[in-house]
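The block underneath contains the structure these notes are about, expressed in structure tokens.
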Amino acid sequence: MIKLHRQWIFPFLLLFLLGMVFSLSACRESVGETAIRGSSSPVVYGASQFANASDTYQVCESGILYLSSNLAQYYDFEAEQSYVLCNRANCRHNDTSCPAYAKGSDAMTGLAYFQDAVYLVRRNDDAGEYELLRLNLTSDTQEVVAALEIGSYENGEWVLERIGNVAYAGNHVWMEATYGYVSVDETGHGGIETETVVLTGIDITTGEITRLNEVTDGNDSIGCKAVSEDYVVFERLWYDEPMLSESEFYEAAKRGEYAQDIDLDKYIEESLKIYENEEDAYANAYENAYSEAYYNYRNEYQAAVPKQYADMIYEVSTGTLTEFDSGECFKELDEDGIVTGEWAPYIFEGIDGDTLLYGSMYEYIYEDSDTQYAYSFSNGTREALFTYPTGGAFYCFADEHVALCRDYRREENQALFFYYDLETGERTDLFLDDINTTFQMIGYTQDRYLGLIYNDPVMSLDVFDGAYFGTLHQISKEDFESGNLDAAEKISLGIFN
């Protein structure tokens, strides 16, 4: 019998697993005439690859849309089977001729079934664009609803690097478009120096593109916080004084600035031991010394310069912007004076009709109790809905007008789940669970919840020791509400599920 040495086991097994993935993706059935019934939620968040858990799957009434192995796929609850979202005869789903395929994990995102159609954001390198596509599941056609130009990778240019979170609501899809600034020196060395996000909306009926902010110098950051048919809430963060980029710091250092911060002697002796050529040794020492100086500069800058926030509300029908609040972020420093956190004061949790739900970041971090707040878009009033006496948090929307929340019982290391009806103000207690809830909700249908369970080890190879992958499960609302989480059933979508 042939024995494999230990160091050869993992590469052999990895090749075997990859082979299975490729073969399965090539022969997996196309969706054909399979009927997809839309989401119960008025806001649909598109599925993406290698994203955070809440954005990985898009839950519909009839199944789950997801991205895996560079393919847009659909799992049908009734058939208990996955399909590729392609209807081309004899298609192997392994190149760009397949409408459900994209090369690269970041080339495709925002997969969702919305208003009786499947939508997808995909990078088209030949056209130099990111395209919002509407797929026809009964033919091999696909419609380009709108396209965002990537731009030219030349020195001094901004290019569209990737599309982040994608949300569908009303007649719009909203996405975080990340642009990078290209910095290349005379030798051709360099790359993306800084990034900024442009919050971009596309009207799916007309293809009209709306940008809620413009590309800036990278000193600020933009994040979408909540979306509905009528409103978009987003947050802008920036420093009072622009921070130097690494190349700007390097140029300033060459002019003699920051000389007292660059400790070349610290690195030159070690570099001379490594490099035979003295010129190479000094170049390496300079690079290390400048990198350390820039690291220290960033730390000192973040500790000394105030960071500002502005939370904005965009009304879709009128195109008007209203300020929710603005001011200075609060920051936390460690014993060495290094910033360990900088926060705006609000945790935005979602929109239900005319109501924006939010909490206090300061309370969440520093106080024993937490308060759930509501803001009315129509009249601008704010009110405290209820208080979690020993801490707690909004968990997710469980239905229209119904929030699922957790009231922490810290002494018992437990959390009490309860429903809160936003229309009536009625609270319905459900069950106690471990304070670190193992079932992480990702979506719901009329009769079930979908979630990820993180206490299920996938494999025990050395390289994966201690690694845990969230596994997809479904549970009836009746079992969940009674606290019978053991009734959750695993859904198998692929090799790690």
Side-chain angles (χ1 to χ4, degrees), residues 25-39 44-49 51 55-60 62-76 81-150 160 162-175 177 200-210:
S25 65
C27 65
R28 185 167 286 177
E29 290 190 41
S30 301
V31 68
E33 298 290 338
T34 299
I36 301 178
R37 300 193 308 279
S39 170
V44 172
Y45 293 93
S48 55
Q49 289 188 108
D55 291 339
T56 301
Y57 308 100
Q58 194 257 305
V59 179
C60 302
S62 57
I64 302 167
L65 290 165
Y66 65 101
L67 297 168
S68 180
S69 302
N70 298 328
L71 288 171
Q73 302 186 53
Y74 168 72
Y75 175 86
D76 189 274
Q81 184 173 348
S82 288
Y83 304 88
V84 176
L85 292 173
C86 165
N87 202 46
R88 290 189 172 180
N90 303 316
C91 183
R92 293 184 59 81
H93 317 307
N94 59 0
D95 59 39
T96 53
S97 66
C98 172
Y101 176 90
K103 187 175 182 179
S105 61
D106 62 343
M108 183 164 52
T109 190
L111 174 65
Y113 188 83
F114 183 69
Q115 294 187 1
D116 302 322
V118 173
Y119 289 90
L120 176 67
V121 179
R122 188 168 65 186
R123 189 179 66 226
N124 184 337
D125 289 323
D126 293 335
E129 298 172 332
Y130 271 91
E131 299 170 338
L132 173 64
L133 303 176
R134 185 185 291 119
L135 305 184
N136 188 329
L137 299 183
T138 59
S139 72
D140 62 0
T141 61
Q142 51 189 331
E143 176 188 354
V144 178
V145 179
L148 302 176
E149 185 180 353
I150 292 175
L160 178 54
R162 61 185 178 276
I163 301 296
N165 295 324
V166 179
Y168 300 80
N171 289 329
H172 285 80
V173 51
W174 297 97
M175 60 188 73
T200 305
I202 297 174
D203 188 320
I204 60 175
T205 63
T206 65
E208 182 181 356
I209 298 172
T210 300

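What you see below is based on every heavy atom in this structure, not just the backbone, and it leaves out hydrogens, waters and symmetry mates.
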**OP:** Run the numbers on Thr109 and Arg162 for side-chain contact (heavy atoms from CB on, under 4.5 Å), then give the verdict.
**Re:** CA-CA 9 Å; Thr109 190; Arg162 61 185 178 276; over 6 Å; no

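- No side-chain heavy atom of Val173 sits less than 4.5 Å from a side-chain heavy atom of Val145.
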Subject >> Pair Asp76-Gln81, side-chain contact (heavy atoms from CB on, under 4.5 Å): steps then yes or no >> reply: CA-CA 6 Å; Asp76 189 274; Gln81 184 173 348; 5.7 Å; no

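- For the pair Val144 and Leu133, the minimum side-chain heavy-atom distance is below 4.5 Å.
- Ile204 places a side-chain heavy atom less than 4.5 Å from the side chain of Leu132.
- Contact annotation: the side chain of Leu148 approaches that of Ile163 to within less than 4.5 Å [non-hydrogen atoms, C-beta and beyond].
- Between Gln58 and Val44 the shortest side-chain heavy-atom distance falls below 4.5 Å.
- Atom OH of Tyr66 is separated from atom CG of Leu71 by 9.0 Å, given to the nearest 0.5 angstrom.
- A 4.5 Å side-chain heavy-atom check between Val166 and Ser48 finds every atom pair outside the cut-off.
- Looking only at side-chain heavy atoms (C-beta outward), Glu131 and Gln142 stay at 4.5 Å or farther from each other.
- Under the 3.5 Å distance criterion, the side-chain polar atoms of Arg122 are matched with a main-chain donor or acceptor of Pro99.
- Ring planes of Tyr168 and Tyr119: tilted class, angle from 30 to 60°.
- Counting heavy atoms from C-beta outward, Tyr101 and Cys86 have side chains that stay 4.5 Å or more apart.
- Remark: Trp174 CH2 to Thr210 OG1 distance equals 5.5 Å, nearest 0.5 Å.
- At most 12 non-hydrogen atoms from other residues, nucleotides or ligands lie less than 6.0 angstrom from CD of Glu208.
- Taking both residues in full, the closest heavy atoms of Ala147 and Ile209 are given as O-CD1, 3.6 Å, listed atom of the first, atom of the second, then distance.
- Ile150 pairs by the side chain to side chain contact (heavy atoms under 4.5 Å, CB included) definition with Arg123, Tyr130, Tyr153, not counting sequence neighbours.
- The heavy-atom pair separating Ile36 from Cys60 by the smallest distance is CG2-SG, 4.1 Å.
- Taking each heavy atom of Ala102 and Met108 in turn, the nearest pair found is CB-CB, 3.6 Å.
- How far CZ of Phe114 is from NE2 of His172: 10.5 Å, rounded to the nearest 0.5 Å.
- To the nearest 0.5 Å, atoms CG (Asn171) and OG1 (Thr206) are separated by 8.5 Å.
- At least one donor-acceptor pair closer than 3.5 Å links the side chain of Gln73 to the backbone N or O of Ser68.
- The heavy-atom pair separating Ala177 from Thr200 by the smallest distance is CB-OG1, 3.9 Å.
- Residue Glu149 qualifies as open at atom CD: its count of foreign heavy atoms under 6.0 Å is 12 or below.
- Taken from OH in Tyr75 to OH in Tyr57, the straight-line distance is 12.0 Å, to the nearest 0.5 Å.
- Contact record, Ile202 with Ala146: CG2-CB, 3.7 Å, taken as the closest heavy-atom pair.
- Checked by atom type and distance alone, the side chain of Arg92 never pairs as donor or acceptor with a backbone atom of Cys98 at under 3.5 Å.
- The minimum heavy-atom distance linking Leu111 with Ala72 is given by the pair CD2-CB, 3.9 Å.
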